[in-house]
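Here the structure comes first, spelled out in structure tokens, and everything after it is commentary.
Everything numeric in this text was worked out from a predicted model, so none of it was measured.
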Amino acid sequence: MTAVHPDAPCWSRRPAEASSLERYFPRRGEADVELPLPERHDPVVVASLIGADAMARGRSVMCVTSDDQVDHVLERLAVLPGPEAVDLHRGDNPLRDLVAHHTGQALGVSGFSTYFGPNPGIDPADVVVLDADRMNDTVIGALFAVRVDRRTHPAVHRRLRELIGDVHPPQGLEPARWKTLAARVRAMLTPVFCGEDTRFTWLRLQPFLPECRVVVGVDDIVISPPGKLLHALPGYRHAKQRVHLRVVPAPAAEAGTEPDVSGLSPSIRYAVDYLRTCFTDPDLTLNRVASVAYMSRYHFSRSFHEQTGHRFIDFVTSLRMDEARLLLRESSTSITEVARAVGYRELSHFQRMFKKRFGMSASAYRTAAGN
């Protein structure tokens, strides 16, 4: 996890992601919400803001993302204002256990240890927020995979291998081939996996059996369901609201001056990430960001320009103007509040920079955007 400089406060003003929260507000009463996010908005932060709003209204909330985001989740939540959102579930692998525990809760299970038992305690959250880009087949498949092991189910394993035919492990089975076998596999495995310990998993996997991914190993055969199995789970179905967060790439004509971070040095890449988070802070300065990157002012300024192709001030202004454009187009926030929200204390300064960037005043832009 990247260290954060102790003298680098990010949240003296609202985060940029607050504009996505404002777009969520009018949809609080909807059962299913698809909330597209700009590329620079972090789904983890948006989910946390929606969660804080839900808790402030007395609603329970759970967020579901993939386990490779755990470090990132904890780092971001640690600096967010509002109620603490993560209660670490301890175990042999705390990071994976954290995701497993909260994924179980988000899917409506009051005790994750009972999830795969025959009678799980169902206690759906009022609001389930899903990081849709990361809630892929791998995440759901890992939770609901069925494993036919040669050592524990020798007879069934042998029959299944005979049905599958000549496959050299480890190898995935062709989807078209698997679909022709799915009905016979269901009849073969149902008596095995409808026992007390596996019934909950098997009954929910069965409807999706033809769409499962199948990997034939040396000693086992693993059948993993597609990600859409999520929609059949009790916590998802019975939640009062399901919010899907999905990042939408900006059209070329709308793209700002975002650099390709793949070629940046670690220090400049961290500075760029820091700026994307903190650009709405009116007290943001080159000195502060140079300090965060552990570089001198002069060396940082020169390196930033050389590697990103933009001067520091131009890069910050671009982030602020793009965020202002989004707020003007998609919210009813007054222009004065928009200026403050993106880091300008003086409305006249904001108006001057907006017109320089887009060739029209903020009010004219809002009118042209039909808002």
Side-chain angles (χ1 to χ4, degrees), residues 10-11 13-38 40-67 69-70 72-89 98-112 115 120-135 139-140 227 230-248 277 280 326-327 330-333 337 341:
C10 280
W11 301 103
R13 291 279 176 169
R14 73 179 205 161
E17 286 82 358
S19 61
S20 289
L21 177 66
E22 290 176 354
R23 288 188 293 113
Y24 163 74
F25 284 157
R27 308 186 66 182
R28 282 168 167 165
E30 298 179 24
D32 290 280
V33 177
E34 292 282 347
L35 191 65
L37 308 179
R40 65 188 177 278
H41 283 199
D42 188 334
V44 170
V45 175
V46 177
S48 302
L49 294 175
I50 290 174
D53 171 70
M55 287 186 281
R57 293 183 288 120
R59 301 187 120 194
S60 59
V61 62
M62 290 297 165
C63 175
V64 189
T65 188
S66 61
D67 60 353
Q69 289 296 300
V70 173
H72 176 64
V73 170
L74 295 176
E75 181 180 3
R76 296 306 301 271
L77 293 182
V79 296
L80 279 173
E84 185 177 351
V86 173
D87 176 20
L88 185 59
H89 178 68
L98 170 70
V99 172
H101 179 67
H102 287 287
T103 297
Q105 286 185 316
L107 302 182
V109 181
S110 58
F112 186 69
Y115 195 23
I122 304 301
D123 183 20
D126 295 321
V127 180
V128 174
V129 187
L130 301 109
D131 187 350
D133 292 319
R134 298 189 178 101
M135 281 306 297
V139 177
I140 294 299
L230 170 70
H231 300 176
L233 299 178
Y236 182 92
R237 289 187 292 110
H238 296 300
K240 292 183 176 65
Q241 183 181 63
R242 296 163 289 272
V243 182
H244 295 254
L245 306 178
R246 193 179 302 279
V247 174
V248 178
T277 300
T280 58
L326 183 70
L327 287 171
E330 300 188 8
S331 78
S332 58
T333 307
E337 286 303 312

Query raised in the report: Of the non-hydrogen atoms in A54 and V127, which two are nearest, and what is the gap between them?
Result: CB-CG2, 4.2 Å

Requested in this report: State the CZ-NZ distance between R28 and K240, to the nearest 0.5 angstrom.
Outcome: 16.0 Å

Query raised in the report: Which pair of non-hydrogen atoms, one from S20 and one from L37, has the smallest distance, and what is that distance?
Result: OG-CD2, 3.6 Å

Query raised in the report: If every non-hydrogen atom of V129 is compared with every non-hydrogen atom of A47, which pair is closest and at what distance?
Result: CG1-CB, 3.7 Å

Query - R59 bridged to D53 by N-O distance under 4.0 Å - result: no

Query raised in the report: Could you give the distance from CG (L327) to CZ (R23), rounded to the nearest 0.5 Å?
Result: 9.5 Å

Query raised in the report: Is there a donor-acceptor contact under 3.5 Å from the side chain of R27 to the main chain of L35?
Result: no

Query raised in the report: Rounded to the nearest 0.5 Å, what separation is found between the CD atom of Q241 and the CD1 atom of I50?
Result: 8.0 Å

